[in-house]
Amino acid sequence: MSPTPLITRTVPALRRAVDNLRKRKATVALVPTMGALHDGHVSLVRLAKRRGSRVVVSIFVNPTQFAPSEDFGAYPRTWTADIAKLAAEGVDIVWHPGVEAMYPEGFATRIVPEGPALAGLEDRFRPHFFGGVATVVGKLFTQCRPDVAIFGEKDFQQLRVVTQLARDLDLGVKVIGSRTVRERDGLAMSSRNVYLSPEERQTATVLYRAMKDSAGRIRAGEAIRPAMARGAETIAAAGFALDYFEVRNAKTLAPVTSHNDGPLRILVAARLGTTRLIDNVAV
Ligand code: PAF
C-alpha cells in the first residue's frame, strides 16, 4: 500500500514540507484542484509525476470563484476517496487549507486578470470567475512555490489565464496543460457530471459529438460559419441551453473568421437542466 500523503493545513506547515523536499534537490510539481477527484485529475497527477520529482496536490473549494447563485455549497466534497486516490498515485503532499487560512480576516487584495480572461467566453457568463481563479492560483503558486503546475485543457480559457498570470507576475512557475480525459462515450470528465440525471447523462454526449462534427467539417474545408451553425443546432435540438459554441484561435482566444486564423479550437458551454457543462476540442 502507498503511504498517505503528508496533509498540510497552514501556510507555514506547507512551506516547511516543500522546503524539506527542496533540500533533497526535488523539483516540485503542483496540481491545483477543488477535490471530488476523478480519472481526469489522476491523469494530471501522473503528468505531474513525469514533470517533477515530487508532487503537491492542493484541494481547496475556492469560494471566490463562485457567484452567490452558483453551486459552492453543493459542490461535491469527497475527502476520504480523494486521499485514497492520491495515496495510490504516490502524491507527496496535500495542501488543504481552510477558507480562513486562504482568506484570513481582513483579506483585501485581489488579482484582476485581463487578456484571455476577457475573451468573451466564460467571462461573459461568469464575470466573477477568473478574478477568483487568478487570485487563488496566484496564492497557491506563492504558497507552494512549485517549479511546474499542471492544469487540465478541459478548462481551456482558465489554462490560458493562469499561463498569462504566471508569466505576467514573474511567478517562476511553468504552467503545463494536460489533455482532457473522456468517458468512453466522449463526455469530458468533470466533478460536476455527478449532477446529471441518468437521462441527462445520455444527452450530455451530444456536446462532444457536435464539436467533433463541426471540427471535422472545418478541417475538410467547409466555411466556419455554417459548420459551427450546424453544431449549435444539434446541441440546442438535444435540449441544451447554449451559452456559447465558438471557434477561436487556440493561443490567443481571439475570434476567427477563416481557416488561416488558426490554430483553431472549438469551445462550448451549455446548460442541461441545472448542470452547466464546458468542453473544447482542437480543429
Ligand atoms: O480548475 C479548478 O479546479 C479550479 O478552478 C482551480 C484551478 C483549482 C482554482 O480553484
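Indexing begins at 1, ligand by ligand and atom by atom, following the structure's order.
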message = Does ligand 1 come near enough to Asp155 that some N or O of the ligand is less than 3.5 Å from an N or O of the residue?
response =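 Asp155 vs ligand 1: no N/O contact under 3.5 Å.
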message = If I apply the N/O under 3.5 Å rule, does Gln65 come out as touching ligand 1?
response =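 Yes.
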ask   = Under a 4.0 Å heavy-atom limit, does Val162 contact ligand 1 with its side chain, its backbone, both, or neither?
value =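 No part of Val162 is near ligand 1 at this cut-off.
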For atom 3 (O) of ligand 1, the protein heavy atom that lies nearest, with its residue and separation =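 Looking at atom 3 (O) of ligand 1, the protein heavy atom closest to it is Met34 CG, 3.7 Å.
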request  = Among all protein heavy atoms, pick the one closest to atom 7 (C) of ligand 1 and tell me residue, atom and distance.
outcome  =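 The protein heavy atom lying closest is Gln158 NE2, 3.5 Å.
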ask   = Relative to each other, are the rings of His41 and His38 parallel, tilted or perpendicular (30° and 60° limits)?
value =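 Plane angle between 30° and 60°, so tilted.
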Proximal atoms of ligand 1 relative to [X] (non-hydrogen, under 4.0 Å):
| X | result |
| --- | --- |
| Thr33 | 8 (C) |
| Pro32 | 8 (C) |
| Phe151 | 7 (C) |
| Val136 | 9 (C), 10 (O) |

task = Answer yes or no: are there more than 12 heavy-atom neighbours, outside Arg182 itself, under 6.0 Å from its atom CZ?
result =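 Counting neighbours around CZ of Arg182, more than 12 heavy atoms of other residues, nucleotides or ligands fall under 6.0 Å, so yes.
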message = Can you tell me if Arg22 has over 12 outside heavy atoms packed within less than 6.0 Å of its CZ?
response =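 Yes, the 6.0 Å shell around CZ holds more than 12 heavy atoms from other groups.
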Thr135 OG1 to Asn62 CG distance, which is reported to the nearest 0.5 Å =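 So the OG1 of Thr135 and the CG of Asn62 are separated by 8.0 Å.
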task = List for me each residue that meets salt bridge (charged side-chain N to carboxylate O under 4.0 Å, His left out) alongside Arg46, sequence neighbours excluded, and say none if there are none.
result =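 Residues passing salt bridge (charged side-chain N to carboxylate O under 4.0 Å, His left out) with Arg46: Glu89.
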Phe141 side chain reached by Val175 side chain, heavy atoms, under 4.5 Å =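 Of all side-chain heavy-atom pairs linking Phe141 with Val175, at least one is under 4.5 Å.
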message = Quick test of your reading: applying side-chain hydrogen bond (donor to acceptor under 3.5 Å, both in side chains), list the pairs with at least one residue in residues 227-244, sequence neighbours left out, ordered by first then second residue.
response =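 Qualifying pairs, neighbours excluded: Glu122-Tyr244, Asp243-Arg271, Asp243-Arg276.
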